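For reference, the structure is listed below as structure tokens.
All values reported here derive from a predicted model rather than from experimental measurement.
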Amino acid sequence: EEEKSTKPPAGSSKSGWKNWKKTKDSDSGGEESKITYCHWLLKSEPESRLEKGVDVKFSIDDLKAQPNQTTFWDGVRNYQARNFLRAMKLGQQAFFYHSNCKEPGIVGIVKIVKEAYPDHTQFDQKDPHYDSSSRKENPKWSMVDVQFVRMTKRFIPLSEIKAHHLAHKADGGPLKNMMLFTRQRLSIQPLTQGKNLPLWTLGAVPSERQPLLREPGSSTYGFFFLTFSTQRNLSLS
DNA sequence: GCCAACGTTGGC
DNA sequence: GCCAACGTTGGC
């Protein structure tokens, strides 16, 4: 279904076409394709774990250790996550989240330095994420390149984000629909402003085209995350 | 290490 | 198209 939403089938059957139209037009399915996201959250496992004999550990320190502090984000094998990958634009920023570990939470910020292209690991039989059903002429899975930007000023534990999420579910705050909780298993997710709240709660309102994320000390704050944090006297940047 | 959540697979 | 079985994710 997700395949069809990116590209209508050439000689499509009636039902295939219908499904494609449905995902484009319906409120729930279509929303994803219509909305333009600007910020993301990427999960990665910082602790060693073997998958088909291969260690899948990749912490933010591992990213920092890469040449140019840059790596390809391979191994995404979920259609929704893949579609988000494909929606990522050059220069956009994402939180780097440590998952499946002692202290899950946000540890840093990365940026997209190359937009989606075929994930070569899907064709590599030795790779734990090898996909025998994918053809080179029409690769199923994509990856982007990301580069380390910086660590967050402090570690932001899942427990803290979750506390806000729970509070916001009650009071309609910006994190009430955060996908970290509404789609707990999604490894690539967009961050949104939250519908009924002003994005900018402190300082000047930046013009629309300015980068949303500022260095500490700037008079304006970006990343919707900072909205709730500043409201609650926390500082994430 | 346990297990709940949830995405995927495949029989019917 | 339904849904039970199964596999994976990821918090705890």
Any W73(A) side-chain heavy atom under 4.5 Å of I188(A) side chain: yes
Sugar-phosphate only, base, or nothing, as touched by K162(A) at under 4.0 Å among non-hydrogen atoms: sugar-phosphate
SB check E47(A) R49(A) (cutoff 4.0 Å): no
Aromatic ring pairing H168(A)/H164(A), orientation class (parallel under 30°, perpendicular over 60°, tilted between): tilted
Letter per nucleotide, 5' to 3', of nucleotides 4-10 of chain C [B base touched, S only sugar-phosphate touched, - untouched; heavy atoms, 4.0 Å]: ---BBSB
Full working for side-chain hydrogen bond (donor to acceptor under 3.5 Å, both in side chains) between D61(A) and S59(A): CA-CA 5 Å; D61(A) 287 331; S59(A) 69; 4.8 Å; no
Value in whole Å for how far the P atom of dC12(C) lies from CD of E103(A): 12 Å
Co-members of the apolar cluster containing L50(A) [side chain, <4.5 Å]: none
Atom pair distance, as rounded to whole Å: CG in L166(A) and P in dG11(C): 15 Å
